[in-house]
Protein chains: 2
Amino acid sequence: MPTPDRTSLTEIVAAGTAILEAGGLDRLTMQAVAERVGVRAPSLYKRVRSRDHLIALIAEQTLHDLTEQLEAAAGLPGSDPRENLRAVARAFRSFARDRPDSYGLVFSQPREIANPSEALLAFASKPVLDVAAALVGPDDALEAARTVTAWATGFIFLELGGRFRLGGDVERAFDFGVDLLADGLQAASKSHPEPVAR
Amino acid sequence: MPTPDRTSLTEIVAAGTAILEAGGLDRLTMQAVAERVGVRAPSLYKRVRSRDHLIALIAEQTLHDLTEQLEAAAGLPGSDPRENLRAVARAFRSFARDRPDSYGLVFSQPREIANPSEALLAFASKPVLDVAAALVGPDDALEAARTVTAWATGFIFLELGGRFRLGGDVERAFDFGVDLLADGLQAASKSHPEPVAR
DNA sequence: ACCTGAACACCGTTCAAGT
DNA sequence: ACCTGAACACCGTTCAAGT
């Protein structure tokens, strides 16, 4: 006779995320997750292949949440592309500050563990890709988006990891970086002066 | 009566690095390190406070090695600063490709674990700082160096983590990024047209 | 002073037995 | 069909006992 479900995959992922954000990856044990969802550790394996699999699921959920923030930040197609770049970069950064451990999971877990689906990746890339295309034109949009994403993820990593320790104003360095990218991308777009309106 | 030393801190760190590079962080167990240096696991605690401490030591050693590569890549003070930036960026990237797990340690371990000394950090920052200063002038050198470092570490992370999956040519994206930064920094230096020669 | 075996607490994971 | 206790292999770490 079947037992009624005492938890769900959604609940498990949510519990894992909460534990991760409260205490870091070391505290994310199967036992802690089980306790939080009101079940014994072995039962988790009915919904999750392994701890690594759970980590991958949390990373995917986090990437999804991040994408939502980026989309909300990116302005409408008509608005000033430089201001849009600023807004997207700031959204990136404030998300990472809000949820540093989840964010760290998305970008620093090895490929074998956290490997988001093709579809989710395309979805997540769109806001940055759009902003980049508006600045630099369609031909270099992918390269421009990769440059922006690389800079943003790197900056955030260095900041969260406390690697900016030579003094100076980190805020100023952030603005300096955004402006440099915005100026550079706009200058690089001279061969495509007309924004594509299609 | 004292027992003759059967290993050393240097040997332990080297063994840990080798294990890390061969099998990733998960395989870096105290037992594996002990076995490699010819000792039992508890003996390691005579030279190393904890596994996390050993990880921190490996990260420091790696940062030291990386710095050497960056220094070798950075040209003499007189040479073309744009070419120097290219060379430093390439050195960064090829080091990360050679030793991805060690590199990952340096930049993605939380502050509480891997926290390199002030002196080592200053030493490591110098090559990029010099290149940046040559391009942008002294006033914005720190911000410029942070922008370059952020882009490079981010790009490498995304590449190593297999996050560039939207097609396109990753090589071209790398060149695009370097050129954008070089052009942007040079343009930003217009208020300091004379390179500082001192 | 360094090294060791034994022990402890704690993991992730498996599995037979329950309902 | 889901849940559980018991068990297994394997961690990091401590410590008293050896030399």
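This structure is a prediction, so every number in the text was calculated from the model and none was measured. Chain naming here is simple, since letters A, B, ... match the order of the sequence lines and numbering starts at 1 in each.
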A.B. asks: By the 4.0 Å heavy-atom rule, please label Ser8(A) as base, sugar-phosphate, or nothing.
C.D. replies: nothing

A.B. asks: Taking the minimum atom-to-atom distance to the side chain of Lys46(B), which one of dT4(C), dC2(D), dC2(C) wins?
C.D. replies: dC2(C)

A.B. asks: Going by atom types alone, do Gln69(B) and Asp65(B) pair a side-chain donor with an acceptor below 3.5 Å?
C.D. replies: no

A.B. asks: Should Leu9(A) and Leu57(A) count as side-chain neighbours, where that means a heavy-atom distance under 4.5 Å?
C.D. replies: yes

A.B. asks: Just to confirm, is there a sub-4.0 Å distance from OP1 or OP2 of dC2(D) to any side-chain nitrogen or oxygen of Ser43(A)?
C.D. replies: no

A.B. asks: Looking at dG18(C), which nucleotide sits across from it as a Watson-Crick or G-U wobble partner, both distances under 3.5 angstrom, or is there none?
C.D. replies: dC2(D)

A.B. asks: Could you state the atom-to-atom distance from CD of Glu35(B) to P of dC11(D) in whole Å?
C.D. replies: 10 Å

A.B. asks: Rounding to a whole Å, what distance do you find between Leu44(A):CG and dC3(D):P?
C.D. replies: 9 Å

A.B. asks: Just wondering, do Leu25(A) and Asp101(A) contact through their side chains at under 4.5 Å, heavy atoms?
C.D. replies: no

A.B. asks: Heavy atoms from C-beta onward define the side chain here; which of dC3(C), dT4(D), dC2(D) lies closest to that of Asp5(A)?
C.D. replies: dC2(D)

A.B. asks: If you draw the axis of the six-membered ring of Phe176(A), does the NZ or CZ of Arg146(B) fall within 45° of it and under 6.0 Å from the ring centre?
C.D. replies: no

A.B. asks: When you look at CZ of Arg165(B), are more than 12 heavy atoms from neighbouring residues, nucleotides or ligands closer to it than 6.0 Å?
C.D. replies: yes

A.B. asks: Please state whether the phosphate of dT13(C), meaning OP1 or OP2, lies under 4.0 angstrom from any side-chain nitrogen or oxygen of Arg49(A).
C.D. replies: no

A.B. asks: Return the nucleotide paired to dG12(D): Watson-Crick means purine N1 to pyrimidine N3 with N6-O4 or O6-N4, wobble means G-U with N1-O2 and O6-N3, both under 3.5 Å.
C.D. replies: dC8(C)

A.B. asks: Rounded to whole angstroms, how far apart are NE2 on His53(B) and P on dT13(D)?
C.D. replies: 12 Å

A.B. asks: Is any side-chain N or O of Arg51(A) closer than 4.0 Å to OP1 or OP2 of dT13(C)?
C.D. replies: no

A.B. asks: Would you say the side chain of Leu185(B) lies within less than 4.5 Å of the side chain of Thr147(B), judging by non-hydrogen atoms?
C.D. replies: no

A.B. asks: Kindly assign one of parallel, tilted or perpendicular to the pair Phe157(A) and Phe157(B), based on the angle between their ring planes and the thresholds 30° and 60°.
C.D. replies: parallel

A.B. asks: Does dC2(D) have its OP1 or OP2 closer than 4.0 Å to a side-chain nitrogen or oxygen of Arg40(A)?
C.D. replies: no

A.B. asks: Does anything in residues 22-34 of chain B reach DNA chain C, meaning a heavy atom under 4.0 Å, and if so which residues?
C.D. replies: none

A.B. asks: Could you give the CG-to-P distance, from Leu9(A) to dC3(D), as a whole number of Å?
C.D. replies: 12 Å

A.B. asks: Using the side-chain heavy atoms of Val39(A), tell me which of these nucleotides is nearest: dT13(C), dT14(D), dC3(D).
C.D. replies: dC3(D)

